[in-house]
Amino acid sequence: MTAVAGEGPAATDKTGKSAEVPAVVPAMGLVRRVPALLAGAVLPLALLAVWQAVTASGAWSPSQLPPPADVVAALRELAGRGELGHHIAISLQRVLIGFGAGSAAGLALGGLVGLSRAARALLSPTVQALRAVPSLAWVPLLLLWLGIDETPKITLVAIGAFFPVYTTVAAALEQVDPHLVEVGRAYGRSGVALLTSVLFPAATPAVVSGLRLGLAQGWLFLVAAELIASSMGLGFLLIDSQNTGRTDVMLLAILLLALIGKATDSLLALAERAIRR
């Protein structure tokens, strides 16, 4: 059978009869995701309704829990003065640069540990011990070593991103099918060539998951990073609003951190789904 223009291409089933194949499969997938997106919006909308109801009841004063309208007014105020865009841009820049540096180091060291038993025995205990150090504990040391400019802030974000990426990559490479490694070595692969052509491709889904964890950890470390003599950024906005008693700005900063963090994670989630397909 000849396919009709505008329809899917003709295919043959097990009985030898031709059948039309749908032409727009991605659109069908998008339609199937709509209920999931709507379900994901239920809890935020419910929390917003509870927030409005609690503030309207007078259980807390506006200085303790301002209503949603006050937070929207604070958003308009900061955006109108041109400050909000700068705060968001600075924080986003710090996170992306720090995440890039930290994840690159995590991929390199995690690859080394996953590839070499000797490196695993030598490095893994120390790295795992440093992983337990809280983010704020790094602040005075970075101030002492790197000063008060952008370098210590980006370094702290990089430290936060490094550990999840390193741990996930090292664990994923250890679990790669040994037969794949044998095949790679049979074709003359060893060292870095074996890592890039066999091990990393086999562990790619786990590696992308590690990158998502590293990005989330980078956002968590951002607030601590912006305690370091900072005058811009969402973390600074959060701390400054606490000092000035602007609870509406404080809640706005928290919501923006959540929304932007979710947006960046969603971009990596799209990449992860594409790789898994």
Side chain to side chain contact (heavy atoms under 4.5 Å, CB included) test vs Arg212 passes for just one of Val165, Leu267, Asp265, namely Asp265
Candidate list Ile97, Leu96, Val95, test side chain to side chain contact (heavy atoms under 4.5 Å, CB included), partner Gln93, passing option: Ile97
Distance from [X] atom [atom1] to [Y] atom [atom2], nearest 0.5 Å?
X	Y	atom1	atom2	value
Thr167	Leu213	OG1	CG	9.5 Å
Leu215	Phe99	CG	CZ	5.0 Å
Leu92	Ile260	CG	CD1	6.5 Å
Ile254	Ser241	CD1	OG	7.5 Å
Leu146	Ile154	CG	CD1	11.0 Å
Asp248	Leu65	CG	CG	11.0 Å

Please report the shortest heavy-atom distance between [X] and [Y], naming the atom on each side.
X	Y	answer
Ser103	Leu211	CB-CD2, 3.7 Å
Val249	Ala74	CG2-CB, 4.1 Å
Leu268	Val208	O-CG1, 4.0 Å
Thr151	Thr155	O-OG1, 2.6 Å
Ser230	Phe236	O-CD1, 3.1 Å
Pro66	Thr247	CD-CG2, 3.6 Å

Under 4.5 Å between side-chain heavy atoms, hopping through other hydrophobics if needed: is there a path connecting [X] to [Y]?
X	Y	result
Val71	Leu84	yes
Leu78	Val72	no
Met250	Leu259	no
Met232	Ile148	no
Val50	Leu43	no

Do [X] and [Y] have side-chain heavy atoms sitting under 4.5 Å apart?
X	Y	result
Leu142	Lys153	no
Leu255	Leu75	no
Thr55	Pro68	yes

Could you walk me through whether Leu238 and Leu234 pass the side-chain contact (heavy atoms from CB on, under 4.5 Å) check? CA-CA 6 Å; Leu238 182 64; Leu234 294 174; over 6 Å; no
Run Trp51 and Leu251 through side-chain contact (heavy atoms from CB on, under 4.5 Å) and show every step you take. CA-CA 12 Å; Trp51 178 9; Leu251 287 173; 3.8 Å; yes
Worked check of side-chain contact (heavy atoms from CB on, under 4.5 Å) between Val133 and Ile159: CA-CA 10 Å; Val133 177; Ile159 290 172; over 6 Å; no
Is there a donor-acceptor contact under 3.5 Å linking the side chains of Trp219 and Thr264? yes
Near Leu130 CG, under 6.0 Å, is it more than 12 heavy atoms from other residues, nucleotides or ligands? yes
Going by side chain to side chain donor-acceptor pair (under 3.5 Å), name the pairs with one or both residues in residues 81-92, residues two or more places apart or in two chains. Glu77-Arg81, Arg81-Glu83, Ser91-Glu226
Using the side-chain contact (heavy atoms from CB on, under 4.5 Å) rule, take Leu222 and Leu257 through it: C-alpha gap first, then chi angles, then the decisive distance, then the call. CA-CA 10 Å; Leu222 174 69; Leu257 285 168; 4.0 Å; yes
